[in-house]
Amino acid sequence: MVIVMQLIEKLSVLADAAKYDVSCASSGAPKRSSKGRSGLGATDGMGICHSFTPDGRCVALLKVLLTNFCLYDCQYCVNRRSSDVPRARFTPEEVVTLTLDFYRRNCISGLFLSSGIIRSADYTMEQLNRVARLLREEHEFRGYIHLKTIPDADPLLIAEAGRYADRLSVNIELPTEASLIRLAPEKQVVTIKQAMHAIHEGETEAKAEQRAPRFAPAGQSTQMIVGADATDDSTILHTAQSLYGDFRLRRVYYSAFSPIPHSPKTVPFEAPPLLREHRLYQADFLMRGYGFKASELLAGPGNLPLDIDPKLAWALSNREYFPVDLNSAEPTLIARIPGIGILSAKRLVALRRQKRIRFEDLTRLRCSLEKAKLFVITQDYRPSLANRESATLRRSLSDGPVQMGLW
């Protein structure tokens with residue numbers, strides 16, 4: 001009973017400490033199951049948590065830190081060396097026990113494991129790898145495993161992590177090197193990107209050779225903190241675009257800075273609007289799914305507008321492309337129309353091979369007519385408000401009141 005209580009107390013500290021890392025989605029993992037085989041677990045089971053796969057399933061992940069002790073003193077981190085938060089540390093065996101116990105109770109479908117830096121980067125990475133190795137080899141756990149990679153760790157340790165984990169992640173933390181030097185001087189952009197490159201090489205080699213051992217089949221992700229410094233959205237999106245291009249990341253996650261008790265004067269005392277984080281996710285999706293460039297979404301320095309979504313903002317700034325004739329336009333341009341997504345664009349192109357597109361077809365395809373009607377031409381429809389100024393249209397299409405700050 002004493003041991004159980006100690007585990008629960010550690011879990012309460014280390015699960016809470018892990019909540020600031022948002023890069024824990026389980027998308028992209030290969031289907032793997034113990035049904036009809038030895039071992040335990042699967043990557044396609046249903047759960048009761050808050051991570052979602054590409055096909056819409058909600059899966060449960062035990063999200064914890066191995067420890068919240070840390071040698072580093074990153075100013076934006078609640079677990080920094082100088083912080084006075086309660087500290088705890090799991091042994092690898094305790095994390096394995098918790099993972100298996102929660103899985104058998106149908107509470108989770110996998111594990112997201114990160115850690116503060118203890119002793120050294122190599123030692124910490126060895127401890128993370130030990131958890132994954134015990135789960136995979138001794139207990140034949142076939143569920144999802146996401147390991148947070150320690151950038152300064154030996155490349156051989158990162159390669160070992162890739163053999164056990166479904167996904168690896170290396171947090172870039174801040175979008176510019178200058179910000180990292182100022183707020184996290186013990187971290188270096190060059191070592192973070194070297195770790196990303198090592199993971200990317202491991203993925204490439206595994207895909208090139210059919211008989212090669214699996215290596216992080218769900219790819220890698222990263223996280224950027226928004227609002228911990230004065231970096232604007234334009235810089236953040238250009239950094240994300242560079243990371244996608246250089247290392248083929250699956251996702252860049254954005255985490256609005258959360259002021260912490262007794263935080264240093266180097267970071268803000270006020271959190272940025274959560275709506276800003278939401279707009280960055282929307283813009284990121286436009287870059288990944290629609291082919292937008294960061295320079296299209298923000299032509300110069302500054303932040304994304306909060307009152308309208310980035311796709312609508314682009315359309316209002318590029319009125320020369322609109323209205324678009326749905327019966328003749330290129331599919332890529334149709335997908336850029338506010339209120340029409342990629343799937344609807346494909347369906348419209350398929351439909352116009354059979355007949356002329358009419359306005360009622362947009363209704364049947366469940367397009368957002370409130371936005372789309374100002375930017376499209378169909379067989380029986382031409383917008384009457386197409387010549388109105390963008391500023392006027394923007395006011396009519398605004399999402400509503402903007403979240404106000406506390407100060």
Peer 1: Are any side-chain N or O atoms of R136 and backbone N or O atoms of Y164, one a donor and one an acceptor, separated by less than 3.5 Å?
Peer 2: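 Checking the backbone N and O of Y164 against the side chain of R136, a donor-acceptor pair under 3.5 Å is found.
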
Peer 1: So do I377 and P383 actually touch side chain to side chain, heavy atoms under 4.5 Å?
Peer 2: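 They are in side-chain contact.
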
Peer 1: Apply the side chain to side chain contact (heavy atoms under 4.5 Å, CB included) test between V349 and each candidate in R353, K346, R347; give the one that qualifies.
Peer 2: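 Single side chain to side chain contact (heavy atoms under 4.5 Å, CB included) partner of V349 among R353, K346, R347: R353.
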
Peer 1: Please test D154 against M125 for side chain to side chain contact (heavy atoms under 4.5 Å, CB included), starting from the C-alpha separation and ending with a verdict.
Peer 2: CA-CA 9 Å; D154 190 300; M125 197 70 235; over 6 Å; no

Peer 1: Determine whether more than 12 heavy atoms belonging to other residues, nucleotides or ligands lie under 6.0 Å from atom NZ of K265.
Peer 2: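 It does not: K265 NZ has 12 such atoms or fewer within range.
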
Peer 1: Indicate the atoms forming the closest heavy-atom contact of T67 with A88, along with that distance.
Peer 2: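 Heavy-atom minimum between the residues: OG1-O, 2.9 Å.
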
Peer 1: Suppose we screen for side chain to side chain donor-acceptor pair (under 3.5 Å). Which residues come up paired with D246, at least two apart in sequence or across chains?
Peer 2: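 If we apply the side chain to side chain donor-acceptor pair (under 3.5 Å) test to D246, skipping adjacent residues, the hits are S242.
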
Peer 1: Any ion pair linking R364 and E360 (charged N to carboxylate O, less than 4.0 Å)?
Peer 2: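 Looking at E360 and R364, the cut-off is met.
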
Peer 1: Closest approach of I236 and M224, non-hydrogen atoms and distance?
Peer 2: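 That closest heavy-atom pairing would be O-CE, 3.6 Å.
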
Peer 1: Determine whether more than 12 heavy atoms belonging to other residues, nucleotides or ligands lie under 6.0 Å from atom CD of Q210.
Peer 2: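 Not buried by this count: 12 neighbours or fewer within 6.0 Å.
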
Peer 1: Judged by atom type as modelled, is there a donor-acceptor pair below 3.5 Å linking the side chain of Q75 to the main-chain atoms of D73?
Peer 2: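 Yes; at least one donor-acceptor contact below 3.5 Å.
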
Peer 1: Run the side chain to side chain contact (heavy atoms under 4.5 Å, CB included) test against D101 and tell me which residues pass, sequence neighbours left out.
Peer 2: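 For D101 the side chain to side chain contact (heavy atoms under 4.5 Å, CB included) partners, ignoring immediate neighbours, are T97, R104, R105.
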
Peer 1: Which residue pairs satisfy the ring-ring contact (aromatic ring centres under 6.0 Å, His included) criterion with at least one member in residues 275-308, sequence neighbours excluded?
Peer 2: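 The answer is Y254-Y281, F285-Y290, F292-W314.
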
Peer 1: Has R87 got a side-chain atom pairing as donor or acceptor with V13's backbone, closer than 3.5 angstrom?
Peer 2: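 It does not hold such a pair.
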
Peer 1: Looking only at atom types and distance, does a side-chain atom of R366 sit under 3.5 Å from a main-chain N or O of T363, one as donor and one as acceptor?
Peer 2: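 Side chain of R366 to backbone of T363: no pair is present.
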
Peer 1: Go through the steps for S115 and Q127 under the test side chain to side chain contact (heavy atoms under 4.5 Å, CB included), then give the verdict.
Peer 2: CA-CA 9 Å; S115 181; Q127 295 294 292; over 6 Å; no

Peer 1: Could I get the full list of ring-ring contact (aromatic ring centres under 6.0 Å, His included) partners for F359, not counting sequence neighbours?
Peer 2: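 Expected list: Y381.
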
Peer 1: When rounded to the nearest 0.5 angstrom, what distance separates CG in D361 from CZ in R358?
Peer 2: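 The distance works out to 8.0 Å.
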
Peer 1: Between S12 (side chain only) and E9 (backbone N and O only), is there a donor and an acceptor less than 3.5 Å apart?
Peer 2: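 Judged by distance alone, yes, a pair lies under 3.5 Å.
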
Peer 1: Residues two or more places apart in sequence or in another chain: which of them pass salt bridge (Lys or Arg N to Asp or Glu O under 4.0 Å) with R276?
Peer 2: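 Testing R276 for salt bridge (Lys or Arg N to Asp or Glu O under 4.0 Å), a comparison that skips the adjacent residues, returns D233.
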
Peer 1: Could you tell me whether the side chain of T124 and the main chain of I118 form a donor-acceptor pair under 3.5 Å?
Peer 2: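 Yes; at least one donor-acceptor contact below 3.5 Å.
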
Peer 1: Can you give me the closest heavy-atom contact between V267 and S263, atom names plus distance?
Peer 2: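 What the structure gives for the nearest pair is CG2-CB, 4.0 Å.
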
Peer 1: Give the minimum heavy-atom separation between M196 and Q220, together with the two atoms involved.
Peer 2: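 Reported closest heavy-atom pair: O-NE2, 3.0 Å.
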
Peer 1: I'd like to know if K19 and D16 make a salt bridge, using a cut-off of under 4.0 Å between side-chain N and carboxylate O.
Peer 2: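 Judged by the 4.0 Å cut-off on N to carboxylate O distance, K19 and D16 do form a salt bridge.
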
Peer 1: Has H238 got a side-chain atom pairing as donor or acceptor with S234's backbone, closer than 3.5 angstrom?
Peer 2: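 Checked: pair present.
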
Peer 1: Please indicate whether E177 has more than 12 foreign heavy atoms, meaning atoms of other residues, nucleotides or ligands, lying under 6.0 Å from its CD.
Peer 2: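 No, CD of E177 has 12 or fewer neighbouring heavy atoms, counting only those of other groups under 6.0 Å.
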
Peer 1: I'd like to know whether L362 forms a side chain to side chain contact (heavy atoms under 4.5 Å, CB included) with L348, so could you lay out the CA-CA distance, the side-chain angles of the two residues, the decisive distance to 0.1 Å, and finally the verdict.
Peer 2: CA-CA 8 Å; L362 298 179; L348 285 167; 4.0 Å; yes

Peer 1: Sequence neighbours excluded, which residues qualify as side chain to side chain donor-acceptor pair (under 3.5 Å) partners of N129?
Peer 2: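 Checked N129 against side chain to side chain donor-acceptor pair (under 3.5 Å); matches are E160.
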
Peer 1: Tell me if a side-chain donor or acceptor on N68 pairs with a main-chain N or O of L14 at a distance below 3.5 Å.
Peer 2: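 Not confirmed, N68 side chain does not pair with L14 backbone.
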
Peer 1: Please confirm whether the backbone N or O of Y72 pairs with a side-chain atom of E186, one donor and one acceptor, at under 3.5 Å?
Peer 2: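 No: the side chain of E186 does not pair with the backbone of Y72.
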
Peer 1: Please name the pair of heavy atoms, one in N327 and one in I357, separated by the smallest distance, quoted to 0.1 Å.
Peer 2: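 Nearest heavy atoms, N327 then I357: OD1-N, 2.6 Å.
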
Peer 1: Does the pair T231 and D229 meet the rule for a side-chain hydrogen bond (donor to acceptor under 3.5 Å, both in side chains), with working shown?
Peer 2: CA-CA 6 Å; T231 303; D229 62 356; 2.8 Å; yes

Peer 1: Return the minimal non-hydrogen interatomic distance between L297 and A283, and the atom names on each side.
Peer 2: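 Heavy atoms of L297 and A283 come nearest at CD1-O, 3.6 Å.
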
Peer 1: Do the side chains of D152 and K187 get close enough for a salt bridge, i.e. N-O under 4.0 angstrom?
Peer 2: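 Salt bridge between D152 and K187, a charged N being under 4.0 Å from a carboxylate O: no.
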
Peer 1: Run the side chain to side chain contact (heavy atoms under 4.5 Å, CB included) check on S169 and T222 step by step: do they pass?
Peer 2: CA-CA 5 Å; S169 56; T222 193; 6.0 Å; no

Peer 1: Between K311 and I340 (side chain of the first, backbone of the second, donor and acceptor by atom type, cut-off under 3.5 Å), is there such a pair?
Peer 2: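 Here the side-chain-to-backbone pair exists.
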
